[in-house]
Amino acid sequence: MNTNRRQFLTLSAALAAAVGTVSLPLRGAFAQEKIKIGFSQGTMNHPWRIAMVEVNKKFAAENYPDLEIIVTDGNNDAAKQVADVESLLTQGIKVLVISPLTEQALTPVVKDAMAQGIPVLTLDRKVNTEVTCHLGGLNLPLGEGAGKFLIDALPNGGNIIELQGTAGASATNDRHNGFASAIAGNAALKVVAQQNCDYTRDKAVKFMEDMLQRFKPGEIQAVYAHNDEMALGAIQVMEAAGRLEGVKVIGMDGQNTAFQAIKDGKMSACFIYPFCAPEGIQTAYKIAKGETVDKEIVLPTVQVSSDNVDQFLGKGI
């Protein structure tokens with residue numbers, strides 16, 4: 001090979017290497033940046049909460065290729081969720097989606113997000129400050145529906161045990177207050193014991209074990225649980241003790257296991273509360289794109305009992 005030919009090839013290789021070196025950052029510079037959505041979940045300790053996150057994530061993966069969702073789990077600890085949100089606010093998120101563990105504890109950090117110009121979408125539970133949008137079902141009517149169901153189911157009245165959710169959560173307050181309001185005019189129905197069981201089965205099991213020691217057979221006519229996990233825990237305890245027969249058990253959320261318990265005659269009713277998916281991520285995406293959304297989006301709730309359970313079997317969470 002002559003000298004000129006060698007010099008040409010050497011120069012060509014050098015130019016190619018130089019162009020290649022330059023082109024890498026250029027490709028990165030012009031690549032489309034993804035829209036970041038921060039998703040702060042208060043807890044992932046039962047199926048309903050997991051479904052809220054996973055169904056929204058799945059919908060986003062299938063429909064919004066330009067979206068990146070950063071999910072955090074508060075682990076049922078309000079202080080941790082506050083820290084989670086504070087971290088999300090430093091990561092360049094376009095929208096904060098939050099299902100707050102408790103109302104008051106999460107209010108200041110949500111207020112900070114809004115003050116920074118970061119839109120906030122609350123799912124299911126509320127905070128005590130203005131947000132861009134709240135999306136969820138109405139918990140007060142849900143509690144009222146449970147009370148009315150027991151008025152009809154127990155015409156002679158009876159003693160009720162109430163398994164409440166997390167203390168200070170807006171859903172807990174509304175599910176309790178709606179129920180209390182509904183049965184207030186019925187002197188024959190009486191809540192004889194109540195406990196915050198944090199929407200978890202294990203705490204409901206422990207409390208119901210104590211209640212079966214406190215009350216004799218025939219002294220409990222109903223159990224009103226603020227979610228299906230606690231209702232199923234109560235059923236587990238009473239069935240093991242041979243004391244489930246004749247007791248009306250009501251749950252909320254819409255788990256497949258609850259529907260099956262109704263079909264099997266172990267549970268009297270379940271009130272489906274939507275898990276805000278995929279409506280949650282659909283709304284967050286609209287906000288991120290600058291679209292106007294309603295200040296409050298109300299999702300439908302449904303009562304399920306032996307009359308209509310067949311149409312819901314296998315369709316829950």
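In this text the structure is predicted, and so the values were computed from the model without any measurement. Side chains included, hydrogens not; waters and symmetry mates left out as well; all remaining heavy atoms used.
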task: If the plane angle is over 60° it's perpendicular, under 30° parallel, otherwise tilted; pick one for Tyr64 and Phe59.
output: perpendicular
Under a single-linkage definition using a 4.5 Å side-chain heavy-atom cutoff for Ile, Leu, Val, Met, Phe, Trp and Tyr, are [X] and [Y] assigned to the same hydrophobic cluster?
X      : Y      : result
Ile37  : Val71  : yes
Val85  : Val97  : no
Phe207 : Tyr224 : no

Any chance you could measure [X], atom [atom1], to [Y], atom [atom2], to the nearest 0.5 Å?
X      : Y      : atom1 : atom2 : result
Asp84  : Ile98  : CG    : CD1   : 9.0 Å
Ile317 : Tyr273 : CD1   : OH    : 12.0 Å
Ile93  : Ile118 : CD1   : CD1   : 5.0 Å
Met208 : Leu163 : CE    : CG    : 6.5 Å
Asp294 : Thr283 : CG    : OG1   : 9.0 Å
Asp253 : Asn227 : CG    : CG    : 5.0 Å

- prompt: Which residue pairs satisfy the ring pair (Phe, Tyr, Trp, His ring centres under 6.0 Å) criterion with at least one member in residues 130-172, sequence neighbours excluded?
  reply: none
- request: Please check if atom CD in Gln104 has more than 12 non-hydrogen atoms from other residues, nucleotides or ligands closer than 6.0 Å.
  value: yes
message: Surrounding CD of Glu291 (heavy atoms of other residues, nucleotides or ligands, distance under 6.0 Å), is the total greater than 12?
response: yes
- prompt: Under the side-chain hydrogen bond (donor to acceptor under 3.5 Å, both in side chains) rule, what pairs show up with a residue in residues 307-317, not counting sequence neighbours?
  reply: Lys263-Asp310
field: Pairs meeting criterion side-chain hydrogen bond (donor to acceptor under 3.5 Å, both in side chains) with involvement of residues 204-223, two or more places apart
entry: Lys206-Asp210
Worked verdict on Leu96 versus Val131 for side-chain contact (heavy atoms from CB on, under 4.5 Å): CA-CA 10 Å; Leu96 171 65; Val131 296; over 6 Å; no
Any side-chain donor paired with an acceptor under 3.5 Å for [X] and [Y]?
X      : Y      : value
Ser40  : Gln81  : yes
Gln116 : Asp112 : no
Asp198 : Thr200 : no
Glu162 : His226 : yes

message: Walk me through whether Gln255 and Glu229 qualify under side chain to side chain donor-acceptor pair (under 3.5 Å).
response: CA-CA 8 Å; Gln255 292 182 208; Glu229 278 294 286; 3.0 Å; yes
Ion pair [X]/[Y], N-O distance below 4.0 Å:
X      : Y      : result
Glu62  : Lys58  : yes
Glu296 : Lys126 : yes
Lys34  : Asp66  : no
Lys111 : Glu130 : no

Test ring-ring contact (aromatic ring centres under 6.0 Å, His included) applied to Phe39 - qualifying residues, sequence neighbours left out: none
Which residues share a ring-ring contact (aromatic ring centres under 6.0 Å, His included) with Tyr199, sequence neighbours left out: none
- request: For the residue pair Lys286 and Lys289, establish whether any side-chain heavy-atom pair is separated by less than 4.5 Å.
  value: no
- line: Besides Leu140, the hydrophobic cluster formed by Ile, Leu, Val, Met, Phe, Trp and Tyr side chains linked at under 4.5 Å, directly or via other members, contains none
Which atom of Gln41 lies closest to which atom of Ser99, heavy atoms considered: OE1-CB, 3.4 Å
message: Ignoring hydrogens, what is the shortest heavy-atom contact between Thr172 and Thr166? Give both atom names and the distance.
response: OG1-O, 2.8 Å
Check against salt bridge (charged side-chain N to carboxylate O under 4.0 Å, His left out), Arg125 and Glu103: CA-CA 7 Å; Arg125 301 178 185 178; Glu103 189 170 3; over 6 Å; no
- request: For side-chain contact (heavy atoms from CB on, under 4.5 Å), just list the numbers for Thr292 and Ile287, CA-CA rounded to whole Å, side-chain angles, deciding distance to a tenth of an Å, and then say yes or no.
  value: CA-CA 7 Å; Thr292 301; Ile287 294 171; over 6 Å; no
- request: Show your working on side-chain contact (heavy atoms from CB on, under 4.5 Å) between Met267 and Asp228 and close with a plain yes or no.
  value: CA-CA 10 Å; Met267 191 164 165; Asp228 290 336; 3.6 Å; yes
field: Evaluation steps, side chain to side chain donor-acceptor pair (under 3.5 Å), between Gln260 and Asp264
entry: CA-CA 6 Å; Gln260 190 60 52; Asp264 295 339; 3.0 Å; yes
